Protein chains: 2
Amino acid sequence: MTRVLVIDDEPQIVRALVINLKARTYEVDAAHDGATALRLAAARHPDVVVLDLGLPDMDGVEVIRGLRGWTRVPILVLSARHSSDEKVEALDAGADDYVTKPFGMDELLARLRAAVRRAEPTGGDEDAVTVETEAFTVDLAAKKVNRDGKDVRLTPTEWHLLEVLVRNTGRLVGQKQLLQEVWGPSYGTETNYLRVYMAQLRRKLEADPSHPKHFITEPGMGYRFEK
Amino acid sequence: MTRVLVIDDEPQIVRALVINLKARTYEVDAAHDGATALRLAAARHPDVVVLDLGLPDMDGVEVIRGLRGWTRVPILVLSARHSSDEKVEALDAGADDYVTKPFGMDELLARLRAAVRRAEPTGGDEDAVTVETEAFTVDLAAKKVNRDGKDVRLTPTEWHLLEVLVRNTGRLVGQKQLLQEVWGPSYGTETNYLRVYMAQLRRKLEADPSHPKHFITEPGMGYRFEK
DNA sequence: CCGTCGCGTCAGGGTTGCGTCAAAGACTGT
DNA sequence: ACAGTCTTTGACGCAACCCTGACGCGACGG
């Protein structure tokens, strides 16, 4: 889940933001002053920061610098000041975006999404795209399958089939669905294709292809991939 | 030097932007319609795009989608429309920032700096700028390839292709993706280009070009660079 | 007990995709 | 205008892949 840190000293604004963000399943922390904000940021490592420049204890630009000293988390600045100088100063200090009050909630959320989307690849890749079993490892991003330390060569159709199954690990995938996802929407009854290619996958990946542990047949229904 | 692509059909705005950007030592390309913009983006690979939504030939959002299909270059949208819906649509389509006209040049430049700064780590990863294999060394920053102590001469297309592959070391890169990143978004089926240029790269870099160890073909899918 | 249905296995043949070479076209700088 | 380089395009041989049909097996139900 995406974690947002909201920093503003006006309770109404904080309340409005928190309600809207939580409704969209963001996880939200809030701070009313700069010192708390910096402490919270360090403790909670938010994925994005929404910062009001007008804080009681310190200059908003100082908060930006304080954050930028150790993190590249996206910072979205809120401010009542429309002056161009203020914007330039905040942006050059390291802010990612600058929204003037009063702002539309839709726009703010869109800018927030843009900021988070940008930061995504840096923060969260590589971990969730590989699936491991005791016999082999599948890397969805690299399109690689490793078995006993060696890469296994798969043909496009084999890979496609494997991909659909792995993306539904533990779930049953109907034969019609498999056929349509791999061979195209006009296929749905050619179950012999499935039999041939499942056999090839098992031969390449299962320790004992005739007694599969991971590519399981559900007779009359479809197939299931288990770790 | 930072390369900027300016897309706007109003000559005055383009002129103002070009003058201001060049004064700050940016390299500037300009397009006055969407089709030209997409072609220029593919040919010149700008570091940031400034896009006016009101174009004569196509919807600005379509331009965003056309770019996002193959690149993550920062897109800064200009628009006369203040409507919240327009902003949300553009941002969710993949824009990075949205500035309404009339805009202050200082602010625009500051937002441009912010966008470029953010994108830097993707381009300038300190640790991955040189990739070594037992046969040759690729220096992404210096755009140089060294083999047996001597620099290898590569044509622009050869280099571009090598660059995309090396940036995805170990990962499979689909032929469509390769074509679009190297030749531009309107390419995607001309796989013969790939065959010709892969052959040239292998001839120049592989110890045994007919049995490549680093530039590996995945039939029907794409190519993979391995150390 | 036997017929049917669904699944696994195997091997052959048509088709596709890849590597290679060569030549024509486009571009650049002199 | 010319020469050199780079890009595009076409043709061909070869290997790999995908489809197809045939057969055997086990499960289930009549």
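Just so we're clear, the structure is a prediction, and the values are computed from it rather than from any experiment.
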So do [Y] and [X] actually touch side chain to side chain, heavy atoms under 4.5 Å?
X        : Y        : value
A/Glu181 : A/Leu161 : no
A/Val99  : A/Arg111 : yes
A/Ile216 : A/Glu226 : yes
B/Phe225 : B/Val131 : yes

| Hey, does B/Trp159 reach any base, or is it just sugar-phosphate, or nothing, if we go heavy atoms under 4.0 Å? |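 No contact.
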salt_bridge([X], [Y]) N-O dist < 4.0 Å:
X        : Y        : value
A/Arg153 : B/Glu218 : yes
A/Asp96  : A/Arg68  : yes
B/Asp8   : B/Lys101 : yes
A/Arg113 : A/Asp106 : no

| said: Please identify which of these residues, A/Tyr223, A/Phe215, A/Trp183, meets the ring-ring contact (aromatic ring centres under 6.0 Å, His included) condition with A/Tyr197. | reply: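 So, applying the ring-ring contact (aromatic ring centres under 6.0 Å, His included) to A/Tyr197 and each of A/Tyr223, A/Phe215, A/Trp183, only A/Trp183 qualifies.
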| Contact nearer the 5' end of DNA chain D, comparing A/Leu154 with B/Leu154 |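 Comparing both residues, the 5'-ward one is B/Leu154.
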| request: Starting from the first five and the last five pairs of the helix from C/dC1-D/dG30 to C/dT30-D/dA1, work out the angle between the resulting helix axes, to 10 degrees. | output: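 The helix from C/dC1-D/dG30 to C/dT30-D/dA1 shows an end-to-end axis angle of 40°.
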| task | Drop me the distance from B/Phe103's CZ to A/Ser84's OG, to the nearest 0.5 angstrom. | result |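 Nearest 0.5 Å value for the CZ-OG distance: 11.5 Å.
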| field | Atom pair distance, as rounded to whole Å: OH in B/Tyr193 and P in C/dA26 | value |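 It works out to 12 Å between those atoms.
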| message | At a heavy-atom distance below 4.0 Å, which nucleotide of DNA chain D is the first touched by chain B, and which is the last? | response |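 In short, chain B contacts DNA chain D from D/dC6 to D/dT9.
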| said: So if I define the base as every atom that isn't primed, P, OP1 or OP2, how would nucleotides 5-19 of chain C read as a B/S/- string at a heavy-atom cutoff under 4.0 Å? | reply: -SBBBB------SBB
